[in-house]
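Heads up, the thing below is written out as structure tokens.
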There are 2 protein chains.
Amino acid sequence: MSQPDTKQRILCAAEHFFARDGYHPTSLRSITTEAKVNLAAVNYHFGSKESLLEAVIERRLNPLNEIRLGQLEALLEKTERAGETPMCREVLRTFVEPTLCLRLHGSDSEDFVALIGRILAEPRGVAMTIFMNHMEPLMNRLFQALALSLPEWSRQTLFWRVHFAFGSLSHIMRCHERHSIVPDDVNIDVPVDDLVDIFLDFATAGMEATQ
Amino acid sequence: MSQPDTKQRILCAAEHFFARDGYHPTSLRSITTEAKVNLAAVNYHFGSKESLLEAVIERRLNPLNEIRLGQLEALLEKTERAGETPMCREVLRTFVEPTLCLRLHGSDSEDFVALIGRILAEPRGVAMTIFMNHMEPLMNRLFQALALSLPEWSRQTLFWRVHFAFGSLSHIMRCHERHSIVPDDVNIDVPVDDLVDIFLDFATAGMEATQ
DNA sequence: GTATGATTTAAACGTTTGTTTTAATCGGGT
DNA sequence: ACCCGATTAAAACAAACGTTTAAATCATAC
């Protein structure tokens with residue numbers, strides 16, 4: 001093979017454009033031009049534009065969800081051994097920290113974070129079905145764990161608050177671009193660890209709020 | 001004029017499709033078919049597809065922001081007369097309640113809420129610039145009011161938390177469709193007033209969280 | 001070296017897109 | 001009754017889209 005990484009180059013270029021411009025506005029021609037491959041390579045290697053999107057999602061989401069699930073199970077095991085109940089903040093952290101870590105410069109997954117943020121914002125989009133299939137087991141486990149850490153709240157209340165927390169998270173996943181109104185004296189480039197804590201302060205308080 | 005409401009019918013149909021499918025996937029042909037007008041009517045009355053989007057946004061956003069700003073100014077006047085500081089929850093309410101009220105069945109603005117939710121999720125989209133121009137004055141005023149009600153927090157902290165709160169809000173604006181995983185025993189159709197309170201419980205606690 | 005399967009290439013495919021054009025039709029003022 | 005600007009209608013426009021085709025090229029095994 002003269003260029004053994006054709007598929008990878010397509011995946012990277014597609015990830016880049018899908019994240020920046022969205023799925024529909026991105027043409028296969030712009031992807032293949034950026035990837036320096038022939039136009040037909042997409043259909044040859046992936047079958048269709050939609051299958052390409054699926055491949056882009058799966059390449060990063062599967063490893064990410066394994067990390068998330070691993071951390072969550074580890075936390076649950078640890079607290080159960082100690083006869084304790086997991087803290088809401090720590091449950092959330094197992095989900096949030098691996099996510100925001102991908103925003104690190106040079107993590108080569110920066111685009112993916114923005115892409116997921118966009119997917120979460122397109123309720124009936126092509127990507128949502130693909131995405132949700134890969135998220136459902138983890139989501140159910142996370143919901144269980146949160147119910148364990150917040151036994152005083154009804155499932156109804158819990159559901160909405162998880163919803164809100166995910167809304168917040170998906171919002172900042174989209175926003176390494178500053179498309180919102182940023183006051184002059186606010187620095188938007190905070191280290192990832194700080195951002196995780198800033199977010200967990202907010203989300204944990206929201207989850208634990210008295211009615 | 002045989003059909004004096006051609007423009008309005010186009011606006012409604014466009015709002016419907018833009019909200020459901022997004023801006024790019026929606027064709028002018030599907031809009032004009034639904035509106036029962038000729039294809040050329042869009043370009044005749046609005047100039048272009050993008051200008052149509054702008055008109056769709058402005059038709060509802062301007063009145064909405066007037067209500068929001070009116071309630072906010074009223075609150076600030078009232079508390080100032082009483083020599084008090086506005087409560088964070090009430091500041092947020094002036095923004096959130098008029099928004100979620102549009103989700104009411106039969107408010108004829110249900111589609112618009114979902115559309116705004118989508119716009120907020122497309123950082124570099126055509127709609128974002130249009131949208132932000134109309135939001136900036138209100139956003140600045142809201143940020144001022146929140147700083148007043150939460151004097152103990154730095155502008156940096158405040159900024160991020162406003163960001164999170166808006167993320168939560170935009171998320172539920174998109175989700176009168178149930179695209180997320182809903183447990184069987186959770187009823188997603190809560191009255192608007194209840195949803196406002198459920199949201200304000202979460203967001204206020206998040207805004208006021210101790211670090 | 002030659003045959004073989006995998007990959008790349010260039011070109012064309014048929015649709016669909018937003019927009020423009022040109023003619024037909026309408027409604028109110030003189 | 002007639003005219004005129006505003007609106008509607010049908011048709012065509014060029015451009016861009018995802019996909020397919022068929023030939024050329026490559027790497028590898030015999």
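Keep in mind that what you see is a predicted model, and the values were worked out from it rather than measured.
Of the listed nucleotides (C:dT19, C:dG18, D:dA10), C:dT19 has the atom at the smallest distance from the side chain of B:Ser48. Looking at the side chain of B:Tyr44, the nearest of the listed nucleotides C:dT19, D:dT19, D:dA6 is D:dA6. You'll find that the side chain of A:Lys49 is closest to D:dG18, out of D:dA12, D:dG18, D:dT20. Here D:dG18 is the nucleotide among C:dA10, D:dG18, C:dT19 with the atom lying nearest to any side-chain atom of A:Leu28. For A:Arg29, the side-chain atoms get nearest to C:dA12 when compared with the rest of C:dA12, C:dT19, D:dT21. Side-chain proximity of A:Ala40 to the nucleotides C:dT7, C:dT9, D:dT8 is greatest for C:dT9.
Closest approach of A:Cys88 to A:Thr204, counting heavy atoms only: SG-CG2, 4.3 Å. When all heavy atoms are compared, the tightest approach of B:Arg141 to B:Leu72 is CG-CD2, 3.9 Å.
Among the atoms of the strands shown, none is found under 4.0 Å from any heavy atom of A:Ser51.
Donor-acceptor pairing under 3.5 Å is lacking for the side chains of A:Arg161 and A:Thr157.
The distance from atom CG of B:Asp21 to atom C1' of C:dT17 is 16 Å, rounded to the nearest whole Å. In this structure, B:Ile31 places its CD1 atom 12 Å from C1' of C:dT17, rounding to the nearest Å. Atom-to-atom, CG of A:Leu39 to C1' of C:dA10 comes out at 10 Å; the value is rounded to the nearest Å. Between the CG atom of A:Asn38 and the P atom of C:dA12 there is a distance of 14 Å, given to the nearest Å. Across the protein-nucleic acid pair, B:Leu53 atom CG and C:dG18 atom C1' stand 14 Å apart, rounded to whole Å. Here the C1' atom of nucleotide D:dT8 and the CZ atom of B:Arg9 are 12 Å apart, to the nearest Å. Rounded to whole Å, the distance from NZ on A:Lys36 to P on C:dA10 is 15 Å. For the pair A:Asn43 CG and C:dC13 P, the computed distance is 18 Å after rounding to whole Å.
Figure legend: cation-pi geometry between A:Lys7 and A:Tyr44 absent, as NZ or CZ is not positioned both under 6.0 Å from the six-membered ring centre and within 45° of its axis.
Mapping A:Ser27 and A:Gly47 onto DNA chain D by nearest heavy atom places A:Ser27 closer to the 5' end of the strand.
Listed pair B:His45 / D:dT8 meets the phosphate criterion, a side-chain N or O lying under 4.0 Å from OP1 or OP2. Here A:Thr6 does not reach the OP1 or OP2 of C:dT7: none of its side-chain N or O atoms lies under 4.0 Å away.
At a threshold of 4.5 Å between non-hydrogen side-chain atoms, the residues B:Leu92 and B:Leu142 do not count as touching.
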